[in-house]
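Notes follow the structure.
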Amino acid sequence: MRQPGVYSGMLSGISGKTGPHSLPLARIKKIMKKSGDDVKMISGEAPIVFSKACELFIEELTKRSWMMTMQGKKRTLQKDDVASAVAATDIFDFLVNLVSEPPNTDEDAAGGTNIIEH
């Protein structure tokens, strides 16, 4: 039987469709539908759960990245800190390729602002 995790109590605050959501539910639903041809119907509650899961994921990755920032005696969290946190944490292995590859940029050669394409 599965043991309750650290986050088991955090999901209890999800109660239907009420309340403001930090992440846009329509965007989450769109991403869910793009995930595969087999995904056709999505209940109204599912994007709410995904929204909370995304919030928890962002919080956890930020905390671990901030620890890397502090270890480097810096005051600004940077991409390298995120990459270090991903490399140091087994549960983030699925992100290793994302943070280790140089970003695709439009203006890199021109010396402009780095824009990551999706």
Side-chain angles (χ1 to χ4, degrees):
M1 181 172 211
R2 188 171 174 197
Q3 297 292 322
V6 189
Y7 302 111
S8 61
M10 293 182 181
L11 294 177
S12 63
I14 299 174
S15 58
K17 295 182 180 182
T18 60
H21 303 284
S22 298
L23 301 172
L25 298 179
R27 178 72 176 128
I28 292 171
K29 193 168 187 176
K30 186 176 181 179
I31 293 168
M32 292 171 72
K33 285 185 176 183
K34 283 176 150 181
S35 69
D37 293 336
D38 297 339
V39 180
K40 298 198 185 335
M41 299 293 288
I42 297 170
S43 74
E45 294 86 12
I48 295 170
V49 175
F50 271 79
S51 175
K52 185 62 178 179
C54 289
E55 288 177 30
L56 294 173
F57 172 76
I58 292 167
E59 287 175 13
E60 184 65 26
L61 184 54
T62 302
K63 287 176 188 176
R64 291 173 185 261
S65 299
W66 183 250
M67 289 180 356
M68 297 298 171
T69 303
M70 298 302 289
Q71 286 177 4
K73 296 184 170 62
K74 298 180 291 183
R75 296 177 58 175
T76 304
L77 192 147
Q78 298 177 356
K79 180 184 180 259
D80 292 342
D81 301 317
V82 178
S84 296
V86 166
T89 310
D90 290 343
I91 60 172
F92 296 141
D93 281 350
F94 68 100
L95 296 173
V96 170
N97 291 338
L98 179 70
V99 297
S100 63
E101 295 176 0
N104 295 332
T105 59
D106 286 337
E107 300 180 21
D108 255 355
T113 307
N114 290 344
I115 300 171
I116 299 175
E117 296 178 7
H118 295 275

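Sequence positions, counted from 1, serve as the residue numbers for this chain.
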Are [X] and [Y] grouped together when hydrophobic residues (ILVMFWY) are joined by side-chain heavy atoms under 4.5 angstrom apart?
| X | Y | answer |
| --- | --- | --- |
| Leu25 | Ile31 | no |
| Val86 | Leu98 | yes |
| Leu95 | Ile91 | yes |
| Leu61 | Val96 | yes |
| Leu56 | Met67 | no |

Task: Polar side-chain atom of Ser84 near backbone of Asp80 as donor-acceptor pair, under 3.5 Å - done: yes

Rounded to the nearest 0.5 Å, how far apart are [atom1] of [X] and [atom2] of [Y]?
| X | Y | atom1 | atom2 | result |
| --- | --- | --- | --- | --- |
| Trp66 | Gln71 | CH2 | CD | 12.5 Å |
| Ile48 | Lys29 | CD1 | NZ | 10.0 Å |
| Gln78 | Thr69 | CD | OG1 | 7.5 Å |

TODO: Please collect all salt bridge (Lys or Arg N to Asp or Glu O under 4.0 Å) contacts where either partner lies in residues 34-43, sequence neighbours excluded, each pair once.
DONE: none

Open item on the list: Measuring only between side-chain heavy atoms, which start at C-beta, is Asp81 closer than 4.5 Å to Lys74?
Closed with: yes

Task: Closest heavy-atom pair and its distance - Val82, Ser65 - done: CA-OG, 3.4 Å

Open item on the list: Ignoring hydrogens, what is the shortest heavy-atom contact between Met68 and Ala85? Give both atom names and the distance.
Closed with: CG-N, 3.8 Å

Open item on the list: Check the orientation of Phe57 and Phe94. Use parallel for under 30°, tilted for 30 to 60°, and perpendicular for over 60°.
Closed with: tilted

Task: CE/Met70: more than 12 non-hydrogen atoms of other groups inside 6.0 Å - done: no

Open item on the list: Counting only heavy atoms not in Phe92 (residues, nucleotides, ligands), do more than 12 fall under 6.0 Å from its CZ?
Closed with: yes

